[in-house]
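Throughout, a chain's letter reflects where its sequence line sits, starting with A, and its residues are numbered from 1.
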Number of protein chains: 2
Amino acid sequence: MKRGRKPTIDAADITRAAIAIADAEGLAAVSMARVAQEMGNATMALYRHVKSKDELLTLMGDAAFDDPPPLPDGEWRDKLEVWAKELLKGVRKRPWFLQIPMSGPPTGPRSLAWFDSALGALEGTPLEAEEKVGVVMGLLTFVHGEAWLNVALTKGFEDDPARFSRQYGQRLREIVDPRRMPALAKIVAAGVFDMDDLFDADDVAAEFDFGLHLFLEGVATHIGGRS
Amino acid sequence: MKRGRKPTIDAADITRAAIAIADAEGLAAVSMARVAQEMGNATMALYRHVKSKDELLTLMGDAAFDDPPPLPDGEWRDKLEVWAKELLKGVRKRPWFLQIPMSGPPTGPRSLAWFDSALGALEGTPLEAEEKVGVVMGLLTFVHGEAWLNVALTKGFEDDPARFSRQYGQRLREIVDPRRMPALAKIVAAGVFDMDDLFDADDVAAEFDFGLHLFLEGVATHIGGRS
DNA sequence: AGGTTTTGCGTATGAGGTACGCATAAAGGG
DNA sequence: CCCTTTATGCGTACCTCATACGCAAAACCT
């Protein structure tokens, strides 16, 4: 048997508690003291199971996602589309994921499972192994960037709704000098930034779909040139 | 004339000093006390020119980039490629940019200038205004995601070189269960993750080029279906 | 010169991360 | 059943930070 006093909590418990706090109040609210309090333990008790706060953040990152969803039967394209959308959904569910500093390639089981899922979608294609990895990394990258942008915009909107929405187009009209930035000025004048719902869910989704569509289109062309 | 004591420093000075520190030692080393010390002032003196540290970070973000580069004459595609690569170069030069929390759409002059530059590249195309914005946002998003990935990987590599490089492929071989993750297992077995220089500059650049190529390919196809 | 205004900054407060060491509990050996 | 071994729980203390507050110093105005 194991000697010594029995642990009353473990790293997974701590991670869960930390995630609950982050979900409810953002990553900034996650402090060692707060997590401990939420669990009914003393602050320093956590350090028996977690080397540092950094390590806790890494654990949170690993645990932030659900398992990858089952992909539909059919073409690689439909599969990857579903995959990317689900991934984005996951990041949106836990926006604080974007704030945790990662270092090194992923080794967490969840991350790897998602990676595998996307690679599986490309199984039937004539792409080389390296190319498959490239496609998936590109997609990952794209989703991450999109989520980052969305979260940033959404956050600003929540902080101060009056300042954005319709105001943004107006603001740009004041700032943008048509002589120095002719192309932007034209777009601004066309009213592209004037809608009230510039950053609402539907619009953001459409934006993402468009970019995703372009990327997958590119993959399709690449595959076409191969076979 | 202006009344009152003359300011000995201004927000731009503070921003410059903060950026110098971030460049040399990372964003974590930027504290109000440290910035003040570096400038030969007292800590609280900074608060006369900057409302809070958050505001300082925003200013740093605005000032992190150079002006957008001149784009080559020719096709939109070549222009956007240069644009994206230069943008990535900019982020790589100041990796801490990725760590500063943004909220709301950009209003800084530098950000807008880059935006304008990319829109200008699409001037000759038959795309709608909204579509142009979509393409540029997609590209931005992609570059951001790519930079994030690169920085994360590079950081892990610098922290502990032995743990990655060739080790990574080996490590994956141990972790990845072929039954649960067949597609990944196949790629790992193919040795895609075994190179020593997995995360060096050339490789990373090639990775980016590939994704960028795919995206631009998608844009081209989209334009083709339009004219 | 005296009043006014704006900047410089010393002090103090409160929050957060974590090193250290002792108290405490659980097992094993006699 | 007591004592040793070993691992956990956690109180105390220290250090770093951001920042509110208020006074003193400097520059302008009349």
Per nearest nucleotide of DNA chain D, the residue lying toward the 5' end, A/T8 or B/R5, is A/T8
Contacts of type salt bridge (charged side-chain N to carboxylate O under 4.0 Å, His left out), residue A/D10, not counting sequence neighbours | none
Which residues, if any, of residues 44-56 of chain A bring a heavy atom under 4.0 Å of DNA chain C?
-> A/M44, A/Y47, A/R48, A/S52, A/K53
For B/R16, check salt bridge (charged side-chain N to carboxylate O under 4.0 Å, His left out) against everything at least two apart and list the hits.
-> B/D13
For A/A33, what residues pass the side chain to side chain contact (heavy atoms under 4.5 Å, CB included) criterion, not counting sequence neighbours?
-> A/S31, A/T43
Hey, can you pull the donor-acceptor pairs under 3.5 Å for the side chains in residues 133-145 of chain A, sequence neighbours left out?
residue : atom : partner : partner atom : Å
A/T141  : OG1  : A/M137  : O            : 3.1
A/T141  : OG1  : B/E146  : OE1          : 3.4
A/H144  : NE2  : B/W148  : NE1          : 3.4

Nearest-nucleotide check on DNA chain C, B/R3 vs B/P7; residue mapping nearer the 5' end is B/R3
Show the numbers, then the answer: is there a salt bridge (Lys or Arg N to Asp or Glu O under 4.0 Å) between B/R171 and B/E174?
-> CA-CA 5 Å; B/R171 187 123 159 254; B/E174 295 162 12; over 6 Å; no
Please assess A/R173 against A/D194 for the test salt bridge (Lys or Arg N to Asp or Glu O under 4.0 Å), listing each intermediate value before the final yes or no.
-> CA-CA 10 Å; A/R173 256 179 261 265; A/D194 284 339; 2.4 Å; yes
Mind checking side-chain hydrogen bond (donor to acceptor under 3.5 Å, both in side chains) for A/K186 and listing every partner two or more places apart, or none if nothing turns up?
-> B/E123
Just jot down the side chain to side chain contact (heavy atoms under 4.5 Å, CB included) partners of A/P95, sequence neighbours excluded, or say none.
-> A/V151
Under the side chain to side chain contact (heavy atoms under 4.5 Å, CB included) test, which residues partner B/Y47, sequence neighbours left out?
-> B/M32, B/M44
Can you sort out which residues in residues 10-43 of chain A have a heavy atom within less than 4.0 Å of DNA chain D? Ascending by number, please.
-> A/N41, A/A42
Between its two end axes (five pairs each) the helix from C/dA1-D/dT30 to C/dG30-D/dC1 turns, nearest 10 degrees, through 10°
Tell me, please, the opening and closing nucleotides of DNA chain D, 5' to 3', among those with an atom under 4.0 angstrom from a non-hydrogen atom of chain B.
-> D/dC17 to D/dC29
Sorted by chain and number, sequence neighbours left out, salt bridge (charged side-chain N to carboxylate O under 4.0 Å, His left out) with A/K85 holds for A/E81, A/D209
